[in-house]
Enquirer: 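Mind looking over this structure? Questions follow.
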Amino acid sequence: MTTLGVDIGSSSIKVLLYNADEARVLSLHSRPLDSRVTNIPAHRYEEDPGRIRELTFEVIREAAVDAQRLNRTIDRIAFTGQMHGGLFVDENFRALTNCITWQDKRCDEQVPDGRKLIDEIRDLVGSDSWDETGGKIFTGFLSATIYWFVKHDRVPEATHKIIGIYEWLASELCGMAFTDPSSASAWGIYSIKLMGWSKEITQALHIQKKWLPEVVPTGARVGRITQAMAQLLGLSNEVEIVSGMGDTQASYLGSGCRADEVLINFGTGSQAMWERDQFARFLETDIRASATGKYLITVPTLSGGQAYALLADLIAETIETFTGQKPDRDAIYRIMNDLALEPQLGEALLVTPYFNGSRTKGEELRASISNISRENFHIRNLIRATLEGMVAEIALPYLQLPKEERKHIGIVASGNGIRRNPALREIAQSVFKLPIRLSNIEEEAALGAAMLCSRRAFVRGTESRPYSLGGS
């Protein structure tokens with residue numbers, strides 16, 4: 001069986017061609033994502049869905065050509081991608097809004113009583129609902145964004161469904177609107193305990209049930225690609241579309257992380273996650289539905305790997321300001337990585353990398369540098385301290401767990417942010433006090449989606465079979 005895993009990330013699109021019978025990656029195709037919408041207020045983060053669609057389909061066509069070259073027939077396709085955000089579409093899957101992503105901050109806008117809109121949302125929902133969904137609602141979650149549209153009377157009249165970015169394209173391929181539990185729960189309105197939309201939350205936020213797509217078990221075969229889409233993408237009209245999963249869950253699956261290991265990921269954001277058989281809540285974590293029918297306890301961040309990128313930006317700006325020369329960005333990262341491995345000068349600096357606030361301690365928090373002295377105020381110390389702060393943010397909630405919950409024997413490192421940075425791996429190993437290894441492949445999320453196509457659906461024991469949506 002030959003499958004395609006399609007990953008629509010925050011900065012790029014990847015399509016991975018996979019031989020499921022031999023568990024072998026055949027090829028990888030990618031495009032940088034240049035879909036950011038810029039003519040909007042700075043605190044809003046939107047992407048042009050038409051451009052995302054164009055680039056995604058372009059890369060799928062490229063992979064289809066490669067499959068023909070290799071004398072392979074693509075059998076199934078599954079999508080993964082960035083979570084929490086989404087867009088409004090009409091009954092023909094035409095986009096009615098831009099894709100509003102997890103980085104959007106419109107719900108931090110003030111309401112007449114002086115609070116942020118997100119505080120109003122949380123009061124409407126109530127804290128008792130957080131146990132159902134795995135965590136409280138944050139700015140950038142699709143449920144909060146929908147409420148913003150409702151409150152401002154901005155819901156497009158032709159709205160048929162509201163859907164996440166990767167499910168939008170998967171739905172268009174087979175002509176049926178659907179999502180999966182991992183993505184639905186990331187919107188803040190889906191109960192992963194009861195496996196259904198939360199009536200209490202949707203009613204509190206005035207979200208109409210008809211706007212929500214049907215939730216299909218992760219890994220279930222939804223239906224065949226439409227003839228029009230098959231022709232457009234150069235695929236057989238026998239290709240089956242499989243219900244995918246969020247990039248967190250896909251990365252976990254594709255990384256080869258075992259139940260006795262902790263996965264740490266550093267990309268645009270960062271997370272630590274580990275699998276648990278039963279639903280449970282722990283301080284400064286959230287809980288997500290996994291691709292195996294179990295749960296992923298997750299330590300999320302709002303900056304993560306972006307903190308290191310911001311430091312690189314500062315260094316590049318300083319060089320250009322004083323020399324008039326634009327430095328090579330890759331060279332800056334290479335030098336930063338080397339300096340982070342050198343001995344520190346004086347006492348260590350302390351960096352708290354809350355550039356976008358903290359998901360668990362408060363979005364209003366900001367980054368800081370402390371313990372500065374004449375002896376330690378050096379660029380190598382600042383680089384090292386930034387990496388240490390990034391690791392501490394995902395490690396401390398894990399380290400404060402009860403001892404019986406910390407039975408892991410190692411760490412799996414995924415994401416280019418840690419794969420290309422030996423110092424970051426060294427720090428993670430030291431802080432977690434566990435040996436570390438790199439994940440099996442560089443593009444874990446795309447691989448996880450491709451692997452899912454050839455496995456039985458995991459959610460609540462549902463078998464992988466053609467899944468009927470809405471009686472169709």
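Values below: all heavy atoms of this structure, side chains included; hydrogens, waters and symmetry mates excluded. Everything numeric here is computed off the predicted structure, so don't read it as measured data.
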Enquirer: Assess the side chains of T159 and K161: does a donor N or O sit below 3.5 Å from an acceptor N or O?
Expert: no
Enquirer: Can you find a side-chain donor-acceptor pair between Q306 and N356 that sits under 3.5 Å?
Expert: yes
Enquirer: With distance as the sole test, does S171 use its side chain to make a donor-acceptor pair with the main-chain N or O of F178 at under 3.5 Å?
Expert: yes
Enquirer: Is the backbone of S439 close enough, under 3.5 Å, to the side chain of S414 for a donor and an acceptor to pair up by distance?
Expert: no
Enquirer: With sequence neighbours excluded, give me every salt bridge (Lys or Arg N to Asp or Glu O under 4.0 Å) pair touching residues 332-357.
Expert: E342-R380
Enquirer: Is a donor on one side and an acceptor on the other found under 3.5 Å between the side chain of H29 and the backbone of V59?
Expert: no
Enquirer: Apply ring-ring contact (aromatic ring centres under 6.0 Å, His included) to H152 and list each qualifying residue two or more places apart in sequence or on a separate chain.
Expert: W148
Enquirer: Do R406 side-chain atoms and L401 backbone N/O form a donor-acceptor pair below 3.5 Å?
Expert: yes
Enquirer: First locate atom CD of E375, then atom NE2 of H378, and finally report the distance between them rounded to the nearest 0.5 Å.
Expert: 8.0 Å
Enquirer: Is a side-chain donor-acceptor pair under 3.5 Å present for S373 with N376?
Expert: yes
Enquirer: What donor-acceptor contacts under 3.5 angstrom involve side-chain atoms of residues 4-11, with partners at least two apart or in another chain?
Expert:
unit_1	atom_1	unit_2	atom_2	d
S10	OG	W102	NE1	3.2

Enquirer: Counting only N and O atoms by type, is there a donor-acceptor contact under 3.5 Å from the side chain of S251 to the main-chain atoms of D247?
Expert: yes
Enquirer: Assess whether a salt bridge exists between E109 and R44, defined as any Lys/Arg side-chain N lying under 4.0 Å from an Asp/Glu carboxylate O.
Expert: yes
Enquirer: Which residue is it: W197, F141, W211? I am looking for the one with a ring pair (Phe, Tyr, Trp, His ring centres under 6.0 Å) to W187.
Expert: W197
Enquirer: Just by distance, with hydrogens left out, do S12 and R31 show a side-chain donor and acceptor under 3.5 Å apart?
Expert: no
Enquirer: Is it the case that over 12 heavy atoms from other parts of the model lie below 6.0 angstrom from the CD atom of E404?
Expert: yes
Enquirer: Looking only at side chains, do S183 and E167 share a donor and an acceptor under 3.5 Å apart?
Expert: yes
Enquirer: Donor-acceptor pair, distance only, cut-off 3.5 Å: does the side chain of R425 make one with the backbone of I418?
Expert: yes
Enquirer: Would you call R51 and E47 a salt bridge, taking side-chain N to carboxylate O under 4.0 Å as the test?
Expert: no
Enquirer: Just how far is it from atom CD of Q203 to atom CD of Q208, taken to the nearest 0.5 Å?
Expert: 11.5 Å
Enquirer: If you round to the nearest 0.5 Å, how far is CG of N337 from CD1 of I332?
Expert: 11.5 Å
Enquirer: Using a 6.0 Å cut-off, check whether atom NZ of K199 has over 12 heavy atoms from anything other than its own residue.
Expert: no
Enquirer: If we ignore angles and hydrogens, is there a donor and acceptor under 3.5 Å between the side chains of E261 and H408?
Expert: no
Enquirer: Would you check if the side chain of T101 reaches a backbone N or O of Q103 as a donor-acceptor pair within less than 3.5 Å?
Expert: yes
Enquirer: Are R420 and D330 within salt-bridge range, i.e. N to O under 4.0 Å?
Expert: no
Enquirer: Side chain of Q110, backbone of G114: donor and acceptor closer than 3.5 Å?
Expert: yes
Enquirer: Check the pair F88, F149 against ring pair (Phe, Tyr, Trp, His ring centres under 6.0 Å), reporting the backbone distance first and the verdict last.
Expert: CA-CA 10 Å; F88 295 65; F149 273 81; 4.7 Å; yes
Enquirer: Parallel, tilted or perpendicular, judged at 30° and 60°: which one describes the rings of Y398 and F432?
Expert: tilted
Enquirer: To the closest 0.5 Å, what do you measure between CE (M451) and CD (E444)?
Expert: 11.5 Å
Enquirer: Pick from L117, V111, I118: which one makes a side chain to side chain contact (heavy atoms under 4.5 Å, CB included) with R115?
Expert: V111
Enquirer: Under 6.0 Å from the six-membered ring centre of Y295 and within 45° of its axis: does the NZ or CZ of R288 meet both?
Expert: no
Enquirer: Any chance the side chains of D180 and Y166 put a donor and an acceptor closer than 3.5 Å?
Expert: yes
Enquirer: Got a donor-acceptor contact below 3.5 angstrom from the R419 side chain to the I441 backbone?
Expert: yes
Enquirer: When rounded to the nearest 0.5 angstrom, what is the spacing between CD1 in I13 and CG in L33?
Expert: 5.0 Å
Enquirer: Quick one: does R258's side chain have a donor or acceptor within less than 3.5 Å of a partner on D260's backbone?
Expert: no
Enquirer: How long is the span from the CE atom in M390 to the CD1 atom in I264, to the nearest 0.5 Å?
Expert: 10.0 Å
